[in-house]
**Student:** 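If you scroll down you'll find the structure; I have some questions about it.
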Amino acid sequence: MNIEEIREYCLSLPMTSEDMAFGEEYLLLRVCGKIFACIALERSESLVLKCDPAYAVELRERYREIEPAWHWNKRYWNQHSLHGSLTTDFIKSLIRHSYREVVEKLPGRIKSSNPALLEIS
């Protein structure tokens, strides 16, 4: 999966926006203003995603392409190499997981007024 495909997939999720708040080298994908993905544009081989802490450790132990994200809270954020054996379907599932992790922490009033946020499985 390349960065254009990742960007398009992320933007297809409800209430997703993009910006470059960290400078022109990084594309941030947000749901309701909260980051769930970061794509390094200069080094288009990596994707940073939020993750449940226990699942983050499991993924790092199982896949050499997944490691703690540099400059992010390593308990919650993984960096994924796009030049390895991770399949498109698996990367999409990790993106959805990241999205759900962020949505789960949103205030109830936001979730109740935007039911599409809860439809991502």
**Student:** What class does the angle between the rings of Phe90 and Tyr63 fall in, given that below 30° is parallel, 30 to 60° is tilted and above 60° is perpendicular?
**Tutor:** tilted
**Student:** How many angstroms lie between atom NZ of Lys111 and atom CG of Leu118, to the nearest 0.5 angstrom?
**Tutor:** 6.5 Å
**Student:** Same cluster or not: are Val102 and Trp72 linked, directly or through other Ile, Leu, Val, Met, Phe, Trp or Tyr residues, by side-chain heavy atoms under 4.5 angstrom apart?
**Tutor:** no
**Student:** With the side chain counted from C-beta on, respond yes when Lys92 and Met1 share a heavy-atom pair under 4.5 Å apart, and no when they do not.
**Tutor:** yes
**Student:** Can you check whether Asp52's main-chain N or O pairs, donor with acceptor, with His97's side chain at less than 3.5 Å?
**Tutor:** yes
**Student:** Is it true that a side-chain atom of Glu65 and a backbone atom of His83 form a donor plus acceptor pair closer than 3.5 Å?
**Tutor:** no
**Student:** Can you tell me how far apart CG (Leu41) and OG (Ser46) are? Round to the nearest 0.5 Å.
**Tutor:** 9.5 Å
**Student:** Report yes or no: is the cationic atom of Lys50 (NZ for Lys, CZ for Arg) closer than 6.0 Å to the six-membered ring centre of Tyr76, at no more than 45° off its axis?
**Tutor:** yes
**Student:** Nearest 0.5 angstrom please: Leu82 CG to Glu45 CD, how far?
**Tutor:** 8.0 Å
**Student:** Checking the side chain of Ser98 only, and the main-chain atoms of Ile95 only, is there a donor and an acceptor separated by less than 3.5 Å?
**Tutor:** no
**Student:** Kindly indicate whether the side chain of Leu94, heavy atoms from C-beta on, has any atom under 4.5 Å from the side chain of Ile66.
**Tutor:** yes
**Student:** Compare every heavy atom of Cys51 with every heavy atom of Ala56, then report the nearest pair and how far apart it is.
**Tutor:** N-SG, 3.5 Å
**Student:** I want to check something: taking the side chain as every heavy atom from C-beta on, are Trp70 and Gln79 in contact at a cut-off of under 4.5 Å?
**Tutor:** yes
**Student:** From Glu67 CD over to Ser81 OG, what is the distance, rounded to the nearest 0.5 angstrom?
**Tutor:** 8.0 Å
**Student:** Is there side-chain contact between Leu13 and Val31, with heavy atoms separated by less than 4.5 Å?
**Tutor:** no
**Student:** Below 4.5 Å, heavy atoms only, C-beta onward: do Leu59 and Asn78 meet side chain to side chain?
**Tutor:** yes
**Student:** Find out whether Tyr9 and Thr88 are in side-chain contact, i.e. whether some heavy atom of one side chain is under 4.5 Å from a heavy atom of the other.
**Tutor:** no
**Student:** Do you see a donor-acceptor pair shorter than 3.5 Å between the side chains of Arg60 and Tyr55?
**Tutor:** no
**Student:** If we ignore hydrogens and angles and just use 3.5 Å, is the side chain of Glu61 paired with the main-chain N or O of Glu58 as donor and acceptor?
**Tutor:** no
**Student:** Determine whether a donor-acceptor pair (N or O, by modelled atom type, separation under 3.5 Å) exists between the side chain of Ser113 and the backbone of Arg109.
**Tutor:** yes
**Student:** Side chain of Asn114, backbone of Ala116: donor and acceptor closer than 3.5 Å?
**Tutor:** no
**Student:** Pick one: which of Leu49, Leu11, Ile39, Leu27 meets side chain to side chain contact (heavy atoms under 4.5 Å, CB included) with Ile6?
**Tutor:** Ile39
**Student:** Should Leu29 and Cys38 count as side-chain neighbours, where that means a heavy-atom distance under 4.5 Å?
**Tutor:** no
**Student:** Please check: side-chain N/O of His80 versus main-chain N/O of Leu47, any donor-acceptor pairing under 3.5 Å?
**Tutor:** yes
**Student:** Would you say Phe36 and Val103 make side-chain contact, with heavy atoms under 4.5 Å?
**Tutor:** no
**Student:** Are Trp77 and Ile91 linked, directly or through other ILVMFWY residues, by side chains that come within less than 4.5 angstrom of each other?
**Tutor:** no
**Student:** May I ask you to decide whether Glu18 forms a salt bridge with Arg7, counting only side-chain N to carboxylate O separations under 4.0 Å?
**Tutor:** yes
**Student:** Could you walk me through whether Leu117 and Met15 pass side chain to side chain contact (heavy atoms under 4.5 Å, CB included), step by step?
**Tutor:** CA-CA 7 Å; Leu117 291 171; Met15 309 285 295; 3.5 Å; yes
**Student:** Answer yes if Leu28 and Met20 sit in the same cluster of Ile, Leu, Val, Met, Phe, Trp and Tyr residues linked by side chain heavy atoms under 4.5 Å apart, and no otherwise.
**Tutor:** no
